[in-house]
Novice: 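This is the structure, below, for whatever I ask next.
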Amino acid sequence: MTENKRILVTSALPYANGPIHLGHLAGAYLPADVFVRFQRLRGEDVVYVCGSDEHGAAIVIKALKDGTTPQAIVDRYHEMAEKDFAAFGMSFDHYGRTSSPTHRETAREWFRTIAEDFVLKTERQLYDPEAKLFLADRFVIGTCPNCQHPDAYGDQCEKCGSALSPAELIDPRSTVSDATPELREVSHWYLPMGAHQARLEEWIATKTHWKSNVLGQIKSWFTLGLGDRAMTRDLPWGVPVPEDVAQAAGVDPEGKVLYVWFDAPIGYVSASREWAEAQGDPDRWKTYWQSEDTRLLHFIGKDNIVFHTLSFPLMMMLHGDRGAKYVLPENVPANEFLNFEGKKLSTSRGWAVWLGEALEAFPADYLRYALLRALPETKDSDFTWADFQAHVNNELADNLGNFINRTVAFCVKYLDGTVPAIEERDDVTALFAAASEHAAALTLALDECRMRDAINELMSISRAGNKFFNDAEPWRTRRDDLAHCHTTIAACLQLCASLSIYIDPFLPFTAQRLRAILRLEGVRDSRPGGEGELGWAEAGGRLLSPGHALGEPEILVRKVEDAEVTAQRELMEKRAAEAAAAASGGAPYTPVKDDIVYDDFAKLDLRVGKVLVAERVKKSKKLIRCEVDLGFERRQILAGVAEHMSAEDLQGATVVVVANLAPRKMMGMESQGMLLMAEDREGKLVRLEAPSEPGSTVS
RNA sequence: GGGCCCAUAGCUCAAUUGGUCAGAGCCCCCGGCUCAUAACCGGGUCGUUGCUGGUUCGAGUCCAGCUGGGCCUACCA
């Protein structure tokens, strides 16, 4: 590790078809950010890149369904991700996107370089003639030949669990357009991974320090035998296959793009190029990617293991055979998944905590702390709002926050807020020895990406501080042994100053506030390009000299109230219920009626009316009697809406009225028209506003 | 169907790779303290290490089987 001159860190590119949630953070982002900030504070030469993954069929299909363009979708989620990541304190050196020109150029260069290693194959694939898209098996549904389940997927029936191929389905249909898919012949370039399995196995054999879940997964792939993997797709969205390569192979390049899993990892490289350009040194990225002594780490979730440990490394090896050599990952510390309140995360079922929303309710550092405590390092873990509250209140606030607060408050209240002189004393020596022991363990854990262990060591430091404070009893010695009291507080203040560095990778915002309270200057910022002579190595030393004036004491970590976490839980429950209603159990949309010609529509006379009087009709469940001003006359209209709104809701409203509906008697009263209302799938009525003057026609 | 990971205190996790009585933190209970965010410090309760068998002087650790949870199975990116 020490022989490495620089560190290159990547986090999996988030797919730009939805917002960032806490599951993303726990897997690939927060651990990487902690690691990177730590290395920067240590003075290591580190570059951290990430970006939005913006290609692929899923985005095209989402665009079709939403009636918009892929570009509009990726723009939206790219912006959202950037904003949420920044608010969460992610400290990328560069956050790119795979739709950028640099990326297109980079990915095409890679494809061109290793094109000779690909195998061109022609196969039959499902095509949706209506959406004009080739379909993944997953996007075809039909009746299961085994159990007759009507909605079996093209790859598997979820009812009986049998593995299927789309051709076996009875009455197959596209989930995109409902059209019947047809088989078409297409040619694609395949990466023949099986041919290079021995080479990959040899390389993986050297990675004995990798996590067992990662190695196990890889072993499983090897046992299965690596196969050919298509590196191109027929899609209207993506990086186009280089035309010269296609023409040389006798293939029409029209509509052919690089497969997202070919182009996404290259996104790390193109993000680095963009970073280098922004640094004013366009070739600088090569120093990191194309040298042996770079320590490359990919932070990912477990679903990405195969791509980061087998296919991308193979791509790098092949690129190295024919062109520039790339450094292979030193480690791929994949995390497992985070569950929420005991249930699997599912964006379609509305079961997730969106980062943007969580940040509206709580400071980023609280979320960072609780997530680090619940990090799925060895197995799936569970995030509950109760645990979140307990971790923040009992550990962050009571242990760390309170140690700092009691120290600073004591100094300000009784010692003029001036750092006192420190004298030699056995318990102080013991305190610093204990602290540096924990700091050494903390350092090792951080360097090995064991974040849960790291945070344990961190909390042990402030726990030791609390014990020292208690045992030394400065509140008593300030009356009978002032020098003793001074030394106690000075020691605690030194510890606080050290903590402002130790907590920085985990809690960057709190660390800065703490330094402001201590008026501690010169500590290096853990964000990219941070300057300052004080770093991780200086953390154990004397950072505050006697006579130094402290700033205003301030509560660093406030407690999370019961009501706050209850609100979050309820928000999740509500969203899940909505999603469930919308998905299956919910009422279907009312089918569209048969076509009418314009003349049929023109027979309607729609007018704007103002409701002057609205009152419930006695003995009627549904009716509200309205007197409506149509400008030219005043009418009595009976509206059957009392189950959905009160008379007061209608009073004074400007609404759309069917003015030429034949009068009709209800409950002994005549209704001279009809008020238009919107009715949703659940049958709920909402009034239509017509902000115009009474009597206006509506067409 | 096949492969892989995981299972230890009420909860979240350790256990130097087979070696003393299986340890921490949180929760809970008792005591102390009062500088501090009803914070802090000390003490305590809680375990047939998922189940069944095997190897061994010795098994949480190795082997076989079973049960349960999870992931992957190549187009969910």
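Throughout, a chain's letter reflects where its sequence line sits, starting with A, and its residues are numbered from 1. Values below: all heavy atoms of this structure, side chains included; hydrogens, waters and symmetry mates excluded.
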Novice: Does B:rC40 have its OP1 or OP2 closer than 4.0 Å to a side-chain nitrogen or oxygen of A:Lys467?
Specialist: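 For B:rC40, OP1/OP2 do not have a side-chain N/O of A:Lys467 under 4.0 Å.
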Novice: Side chain of A:Gln217: nearest nucleotide among B:rC13, B:rU37, B:rC72?
Specialist: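 So the nucleotide nearest the side chain must be B:rC72.
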Novice: Using OP1 and OP2 only, check whether a side-chain N or O of A:Arg229 sits under 4.0 Å from B:rC75.
Specialist: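 It does, given that an N or O in the side chain of A:Arg229 lies less than 4.0 Å from OP1 or OP2 of B:rC75.
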Novice: Using atom P of each nucleotide, how far apart are B:rU8 and B:rC30 to the nearest Å?
Specialist: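 That atom pair is separated by 30 Å.
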Novice: Between B:rG44 and B:rU49, how far is it from one P atom to the other, in whole Å?
Specialist: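 The answer is 22 Å between these two P atoms.
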Novice: For the pair made of CD1 in A:Ile404 and C1' in B:rA39, what is the distance, rounded to whole Å?
Specialist: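 It is 14 Å, rounded to the nearest whole Å.
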Novice: C1' atom, B:rU48 versus B:rC27: distance in rounded Å?
Specialist: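 To the nearest whole Å, 25 Å.
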Novice: Using whole Å, report how far CG of A:Asn402 lies from C1' of B:rA39.
Specialist: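 It is 4 Å, rounded to the nearest whole Å.
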Novice: Less than 4.0 angstrom between a side-chain N/O of A:Tyr15 and OP1 or OP2 of B:rC76, yes or no?
Specialist: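 For B:rC76, OP1/OP2 do not have a side-chain N/O of A:Tyr15 under 4.0 Å.
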Novice: Taking the side chain of A:Met193 as heavy atoms from C-beta outward, which of B:rA74, B:rC41, B:rU37 is closest to it?
Specialist: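 Shortest atom-to-atom distance from the side chain points to B:rA74.
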Novice: With nearest nucleotides of RNA chain B determined for A:Trp475 and A:Asn339 from heavy-atom distances, which residue corresponds to the more 5′ nucleotide?
Specialist: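 Its nearest nucleotide lies further toward 5', so the answer is A:Trp475.
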Novice: Regarding A:Arg229 and the six-membered ring of A:Tyr190, is the cationic atom NZ or CZ under 6.0 Å from the ring centre and inside 45° of its axis?
Specialist: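 A:Arg229 over A:Tyr190 ring: no.
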Novice: Verify the contact: side-chain N or O of A:Arg452 to OP1 or OP2 of B:rA14, cut-off strictly under 4.0 Å; return yes or no.
Specialist: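 A:Arg452 to B:rA14 OP1/OP2: side-chain N or O found under 4.0 Å.
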Novice: Using the C1' atom in both, what is the distance from B:rG53 to B:rU67, to the nearest Å?
Specialist: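 The same atom, C1', in both gives a distance of 15 Å.
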Novice: For the pair made of CG in A:Asp382 and P in B:rC6, what is the distance, rounded to whole Å?
Specialist: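 Distance check: A:Asp382 CG to B:rC6 P gives 19 Å.
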Novice: Base, sugar-phosphate alone, or nothing: which one does A:Lys559 contact when heavy atoms must sit under 4.0 Å apart?
Specialist: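 Touches a base.
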Novice: Going by modelled atom types, is there a donor-acceptor pair between the base of B:rC40 and the side chain of A:Asn470 at under 3.5 Å?
Specialist: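 When only heavy-atom distances are counted, A:Asn470 does reach the base of B:rC40 through a donor-acceptor pair under 3.5 Å.
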Novice: So what's B:rA7 paired with, Watson-Crick or G-U wobble, going by both distances under 3.5 Å?
Specialist: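 WC or wobble partner is B:rU67.
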Novice: Hey, would you say the A:His78 and A:Tyr95 ring centroids sit under 6.0 Å apart?
Specialist: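 When the ring centroids of A:His78 and A:Tyr95 are compared, they turn out to be within the sub-6.0 Å range.
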Novice: When the P atoms of B:rG18 and B:rC13 are considered, how many whole Å apart are they?
Specialist: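 It works out to 24 Å between them.
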Novice: Could you please name the option among B:rC35, B:rC41, B:rU37 that lies closest to any side-chain atom of A:Asn466?
Specialist: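 Among the listed nucleotides, the one closest to the side chain of A:Asn466 is B:rC41.
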Novice: Hey, could you give me the CG/CG distance between A:Asn466 and A:Asp398, rounded to the nearest 0.5 Å?
Specialist: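 Output value for this atom pair is 9.5 Å.
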Novice: Give the rounded distance in Å between these two atoms: CZ of A:Phe307 and P of B:rC71.
Specialist: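 Taking CZ of A:Phe307 and P of B:rC71, I get 16 Å after rounding.
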Novice: Does A:Asp128 come within less than 4.0 Å of A:Lys132, counting only side-chain N to carboxylate O?
Specialist: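 No, A:Asp128 and A:Lys132 are not salt-bridged.
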Novice: Quote, to the nearest angstrom, the P distance that separates B:rA38 from B:rC46.
Specialist: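 These two P atoms come out 32 Å apart once rounded.
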Novice: Between A:His438 and A:Tyr502, is the ring centre distance below 6.0 Å?
Specialist: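 Judged by ring-centre distance (under 6.0 Å), A:His438 and A:Tyr502 do not meet the cut-off.
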Novice: Quick one: is A:Arg476 getting a side-chain N or O under 4.0 Å of the B:rC35 phosphate, OP1 or OP2?
Specialist: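 For B:rC35, neither OP1 nor OP2 has a side-chain N or O of A:Arg476 closer than 4.0 Å.
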Novice: Take atom OH of A:Tyr369 and atom P of B:rU12, then tell me their distance rounded to the nearest Å.
Specialist: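 Rounded to whole Å, this separation is 16 Å.
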Novice: Distance check, rounded to the nearest 0.5 Å: A:Ile517 atom CD1 versus A:Ile404 atom CD1?
Specialist: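 Here the rounded value is 7.5 Å.
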Novice: To the nearest Å, how far apart are A:Glu395 CD and B:rU12 P?
Specialist: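 Going from CD in A:Glu395 over to P in B:rU12 covers 14 Å.
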Novice: If we take the P atom in both B:rG10 and B:rG50, what is their distance in whole Å?
Specialist: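 The same atom, P, in both gives a distance of 13 Å.
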Novice: Find the distance A:Asn399:CG to B:rA38:C1' and express it as a whole number of Å.
Specialist: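 In whole Å, B:rA38 C1' and A:Asn399 CG are 16 Å from each other.
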Novice: Run the salt-bridge test on A:Arg373 and A:Glu395 with the 4.0 Å N-O cut-off and return the result as yes or no.
Specialist: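 So A:Arg373 pairs with A:Glu395 through a salt bridge.
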Novice: Have a look at B:rU17 and give me syn or anti from its glycosidic angle (syn if within 90° of zero).
Specialist: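 Syn.
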Novice: A:Lys413 side chain N/O closer than 4.0 Å to the phosphate oxygens (OP1, OP2) of B:rA36?
Specialist: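 For B:rA36, OP1/OP2 do have a side-chain N/O of A:Lys413 under 4.0 Å.
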Novice: By nearest nucleotide on RNA chain B, pick out whichever of A:Pro376 and A:Arg233 is the more 5' one.
Specialist: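 It is A:Pro376, whose closest nucleotide lies nearer the 5' terminus.
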Novice: Going by purine N1 to pyrimidine N3 plus the second Watson-Crick contact, or the G-U wobble pair, all under 3.5 Å, which nucleotide sits opposite B:rA74?
Specialist: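 For B:rA74, the partner nucleotide comes out as none, under the 3.5 Å rule.
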Novice: Round to the nearest Å and state the distance from A:Phe410 atom CZ to B:rU34 atom P.
Specialist: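 In whole Å, B:rU34 P and A:Phe410 CZ are 12 Å from each other.
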Novice: For B:rC5, does OP1 or OP2 lie under 4.0 Å from any side-chain N or O of A:Lys211?
Specialist: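 Result: no.
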Novice: Establish whether the base of B:rC75 is bridged to the side chain of A:Gln125 by a donor-acceptor pair shorter than 3.5 Å.
Specialist: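 Present.
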Novice: Assign A:Ile305 to base, sugar-phosphate, or nothing according to its heavy-atom contacts below 4.0 angstrom with the strands shown.
Specialist: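 Since no nucleic acid heavy atom lies under 4.0 Å of A:Ile305, the category is nothing.
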Novice: When you compare B:rG58 with B:rG68, how far apart are their C1' atoms, in angstrom units rounded to a whole number?
Specialist: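 The answer is 30 Å between these two C1' atoms.
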Novice: Kindly indicate whether the side chain of A:Ile503, heavy atoms from C-beta on, has any atom under 4.5 Å from the side chain of A:Thr510.
Specialist: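 Yes, at least one pair of side-chain atoms sits under 4.5 Å.
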Novice: Side chain of A:Arg463 only, please: which of B:rC35, B:rC41, B:rC40 is the nearest?
Specialist: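 From the listed options, B:rC41 comes nearest.
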Novice: Which listed nucleotide (B:rU37, B:rC71, B:rC35) is nearest to the side chain of A:Asn405?
Specialist: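 Given the options B:rU37, B:rC71, B:rC35, the side chain of A:Asn405 is closest to B:rU37.
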Novice: Counting only side-chain N and O atoms of A:Asn394, is one of them less than 4.0 Å from OP1 or OP2 of B:rC27?
Specialist: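 Checking A:Asn394 against B:rC27: at least one side-chain N or O falls below 4.0 Å of OP1 or OP2.
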